[in-house]
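Every chain is numbered from 1 and lettered A, B, ... according to where its sequence line falls, protein lines coming before strand lines. The structure displayed is predicted, hence computed values, not measured ones.
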There are 2 protein chains.
Amino acid sequence: MQMKHELDIETAANILKLLGDKTRLTMIKILADHECCVCEFVALFQMTQPAVSQHLRKLKDSGLVKESRKGQWVFYSLNPSHPSHAFVRNVISDLPNQLSKLEELESQGKRISCD
Amino acid sequence: MQMKHELDIETAANILKLLGDKTRLTMIKILADHECCVCEFVALFQMTQPAVSQHLRKLKDSGLVKESRKGQWVFYSLNPSHPSHAFVRNVISDLPNQLSKLEELESQGKRISCD
DNA sequence: TTACCATATAAGCATATTCTTATGTAGGTG
DNA sequence: CACCTACATAAGAATATGCTTATATGGTAA
């Protein structure tokens with residue numbers, strides 16, 4: 001049985017501030033369903049690689065997102081064992097899913113896969 | 001039957017940025033259940049009156065919160081007809097309620113009422 | 001009217017945020 | 001080894017944010 005985690009208002013505010021950026025919010029929404037590596041986000045957002053890297057670092061520093069190396073790539077995904085994981089999932093549940101963006105990448109042959 | 005409002009990710013990010021501040025998030029959580037006037041928030045947060053007023057202005061400018069004059073006071077409350085009202089309620093649903101703060105005010109005789 | 005109370009607005013300042021460009025690091029491959 | 005690819009980090013600049021103090025506004029009361 002899953003214990004409901006008590007979320008204090010200051011912690012929540014910090015998480016919402018982190019999500020209160022279009023780029024990071026889109027990242028989180030995508031990562032909720034799919035692992036992604038940095039270069040995919042660079043292609044998706046048409047931002048420079050350092051800018052993407054810095055957003056991902058903020059997400060990783062919060063613990064909401066974790067990374068794993070696979071070959072030469074670093075894949076990011078939501079960290080399901082973060083105390084506020086459920087809160088984040090709830091916040092993003094109403095957002096339109098961003099699958100079309102990934103499909104676009106796929107059709108351009110830019111989707112990375114390690115299978 | 002209530003139409004579900006489609007929430008685009010940029011709008012959501014802007015709302016989350018607005019809520020990503022401890023003071024404003026607490027305000028919204030309180031306003032979700034109770035009307036409050038500025039001077040009550042000043043007492044609650046132990047902030048200067050202009051600081052409180054500026055936070056409320058941001059909330060009002062977004063349309064999430066509305067005001068109504070009653071006598072010499074301006075009362076604020078959540079605006080239930082805002083397109084993202086349901087989203088906001090969902091975001092704050094997990095937060096601890098802030099009733100104890102209002103009760104504290106009450107016991108100090110600082111709660112304003114217009115009944 | 002004058003004075004007071006609740007609130008809003010303006011201006012200035014310190015700090016935070018987010019980008020940019022340049023450079024560092026680490027794994028994979030010839 | 002040298003070189004490439006993927007990514008991280010550093011430093012700097014522009015802008016945004018959140019406070020402060022001072023002042024304006026608008027309703028109420030004497």
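- Dashed line: the shortest gap from a side-chain N or O of H55(B) to OP1 or OP2 of dT17(D) is not under 4.0 Å.
- For R57(B), no side-chain nitrogen or oxygen approaches OP1 or OP2 of dT7(C) to under 4.0 Å.
- Using a 4.0 Å heavy-atom cutoff across all strands shown, Y76(A) reaches sugar-phosphate atoms only and no base atom.
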Practice task
Decide side chain to side chain contact (heavy atoms under 4.5 Å, CB included) for N97(A) and K29(A); before the verdict, give the C-alpha distance in whole Å, the side-chain angles of both, and the deciding distance to 0.1 Å.
Solution key: CA-CA 7 Å; N97(A) 88 348; K29(A) 182 68 183 179; 4.2 Å; yes
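- To the nearest 0.5 Å, atom OG of residue S84(A) and atom CG of residue L64(A) are 6.5 Å apart.
- The local environment of CD in Q46(B) is sparse, with at most 12 non-hydrogen atoms from other residues, nucleotides or ligands closer than 6.0 Å.
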Fill in the blank from the handout: Protein heavy-atom contacts under 4.0 Å, written 5' to 3' over nucleotides 20-30 of chain D as B (base), S (sugar-phosphate only) or - (none), form the string BBB-----S--
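- Here dA8(D) presents its P atom at 12 Å from CZ of F41(A), a figure rounded to the nearest Å.
- Note: L44(B) CG to L105(B) CG = 4.0 Å, rounded to the nearest 0.5 Å.
- Contacts of residues 13-22 of chain B with DNA chain C (heavy atom under 4.0 Å): none.
- Using a 4.5 Å heavy-atom threshold, the side chains of V42(B) and T48(B) count as separate.
- With values rounded to the nearest 0.5 angstrom, H82(B) atom NE2 is found 13.0 Å from K66(B) atom NZ.
- Annotation: the span from N90(A) atom CG to H85(A) atom NE2 amounts to 11.5 Å, rounded to 0.5 Å.
- The side chain of S53(B) contributes no N or O atom lying less than 4.0 Å from OP1 or OP2 of dT7(C).
- Distance check: E35(A) CD to I30(A) CD1 gives 13.5 Å after rounding to the nearest 0.5 Å.
- Counting to the nearest Å, the P atom of dT9(C) and the CG atom of L56(B) are 11 Å from each other.
- We find that CZ of R24(B) is positioned 12 Å from C1' of dA16(D), with the value rounded to whole Å.
- Between K58(B) and dG18(D), a side-chain N or O to OP1/OP2 separation shorter than 4.0 Å is present.
- For E67(A) and dT9(D), the CD to C1' distance is 14 Å, given to the nearest whole Å.
- The aromatic rings of F45(A) and F41(A) sit parallel to each other, their planes meeting at less than 30°, with 60° as the upper class boundary.
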